[in-house]
2 protein chains.
Amino acid sequence: MQKKVREEAKRKFIEFLEKKDFRITNQRRIIIDTVFSTDKHFTAEQLLDWAREKDKSVSRATVYRTLPLLTESKLVHEMDFGKPYKFYDPNYSDSPNHNHLICEDCEKIVEFDSDKIEKIENEIGHKLGFTVKSQNLQLSASCDVLKSKGACDKKTCD
Amino acid sequence: MQKKVREEAKRKFIEFLEKKDFRITNQRRIIIDTVFSTDKHFTAEQLLDWAREKDKSVSRATVYRTLPLLTESKLVHEMDFGKPYKFYDPNYSDSPNHNHLICEDCEKIVEFDSDKIEKIENEIGHKLGFTVKSQNLQLSASCDVLKSKGACDKKTCD
DNA sequence: GCCTTTGTTGAGACATGGTGTCATTAAGAA
DNA sequence: TTCTTAATGACACCATGTCTCAACAAAGGC
C-alpha cells in the first residue's frame, strides 16, 4: 500500500478519535499503521501478530478494543464468511460496501454495491414487518471463464 | 410440527445412516426426534438442552457429532448470522430459501425468496467476470415498530 | 516542565462455542 | 450369544473473544 494512503487513513482515524474525544495512544497508532500496511483482508489474531511484530507492547485486548473503532470509523470493513472468526478489510473508499463475491476458484474477494438490491431488501423487510438495520450478501462464484482465457489465476486474482 | 412430517424426517435420516453404513443408535434417534418436534430454528446448545430433556444420556459431543450428519443429509439447514454460534433450521430440504432476516430484538428468523434479487446478483456477478454459484443473503432487522404496537415481543416472536 | 484527571492499557481470568481423547458401551452381524 | 468395532459420555482441551482491575499515560491546566 502506498505511503500516502496509509498516512491519509491514519489522519482520518486520528480525526475520528478526536471527534469522539478518544485519546490518540501509541497502541492505536501502531494498530492503524499495521492495518494499512497491507491490502489483504485479515483476522483479529493476525492483526495482533502483525502489530506485536512492530511493538511487543500491543496486547490482545487492545486489538479487540480497537477493531470496533476502526469499523465504526469506516476505515475497516468487517466480513463474515461463516468461519468462527471474522475477517477485516482495510477500506479506503468511502462506499459502505457490505456485499462480497468470493471466488471458489481463486479465493479473490470482490466488494460491490447495489442500490437496487438494497431497495428490494428494505421493501422485503418492511413487508415482513421489520426495519432492516444491516445486510450481508455473500455470493460464491467461479472465475472459470476468466481462467480459460488465462486472465485469472491465484497470482493475478490476489 | 405434524407427526407425519416428523416420522418422514426420521425415516429419511435412518435411510441416510444406512446408506453411509452408520449405526442407528438411540441417541441419534432422540436427536432427530428432538429436531423435528419443533419448527423453530435452534442452536447446537439448545438442541443439546432439548435432547437431554428427553433423555439425560445424550451428551454434548454426540449432539455436535450428529449435527453434521443432519446437515449432510439435508434434513437440517445450517445458518450463520455472524454470531459466534450457528443456527440450524429443521425441514430445510423442501424449501430452497437461502435468504434470511434475523431480528436483533427477538431473534426471530424469517426465510424469504426474491427472484428480483437473484436476477440482480447474477447480473452483478457477470459484470465482475464471474459465474455466481450460490448466494447467501442475511438481513439484520429490528421489530421495534411491531413492538411499539404490542404485536411483537419475546413471547410472540419466538 | 510538572501536576492532575481520567481514559486507556496489559495481563490474565473468564466466557463460550466447539473439538479431541479414551475407556466404556452397545449396534449389527455371525 | 458372542464378537467386532463404531459410537458414546465425560471431560480435558482449544480458539475466539470479553471482562476486570491495578497501573499507566494522554491531554490540559498550572
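Chain identifiers are assigned alphabetically (A, B, ...) following the order of the sequence lines, protein sequences preceding nucleic acid strands; residue numbering begins at 1 within each chain.
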I'd like a table of atom pairs between the protein and nucleotides 21-27 of chain C - only N or O on both sides, under 3.5 Å - with the distance next to each one.
unit_1: dA27(C); atom_1: N3; unit_2: Arg23(B); atom_2: NH1; d: 3.3

So which protein N/O to nucleotides 15-17 of chain C N/O distances come out below 3.5 Å?
unit_1: dG17(C); atom_1: O3'; unit_2: Pro84(B); atom_2: O; d: 3.4

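Note on ring orientation: taking the six-membered ring where Trp is involved, the planes of Phe16(A) and Phe22(A) are perpendicular (angle over 60°, cut-offs 30° and 60°).
To the nearest angstrom, C1' of dA7(D) lies 6 Å from CZ of Arg28(B). Rounded to whole Å, atom P of dA25(D) lies 12 Å from atom CD1 of Ile30(A). To the nearest angstrom, C1' of dT5(D) lies 13 Å from CG of Asp21(B). Put simply, CD on Glu78(A) is 15 Å from P on dT16(D), counting in whole angstrom units.
Side-chain contact, Gln135(B) with Asn99(B): a donor N or O sits under 3.5 Å from an acceptor N or O.
Electrostatic pairing of Lys10(B) and Asp33(B) counts as a salt bridge here, judged by a charged N lying under 4.0 Å from a carboxylate O. The pair Glu7(A)-Arg11(A) does not meet the salt-bridge criterion, since no charged nitrogen lies less than 4.0 angstrom from a carboxylate oxygen.
The side chain of Arg52(B) has dA10(D) as its nearest neighbour among dT9(C), dG18(C), dA10(D).
The neighbour count for Lys116(B) NZ, taken as heavy atoms of other residues, nucleotides or ligands under 6.0 Å away, does not exceed 12.
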Is there a side-chain contact (heavy atoms from CB on, under 4.5 Å) between Ile109(B) and Asp89(B)? Walk through the geometry before answering. CA-CA 10 Å; Ile109(B) 293 172; Asp89(B) 206 0; 5.6 Å; no
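The nearest pair of heavy atoms linking Phe13(B) to Thr66(B) is CZ-CG2, 4.1 Å. When every heavy atom of Phe130(B) is checked against every heavy atom of Ala141(A), the shortest pair comes out as CB-CB, 3.6 Å.
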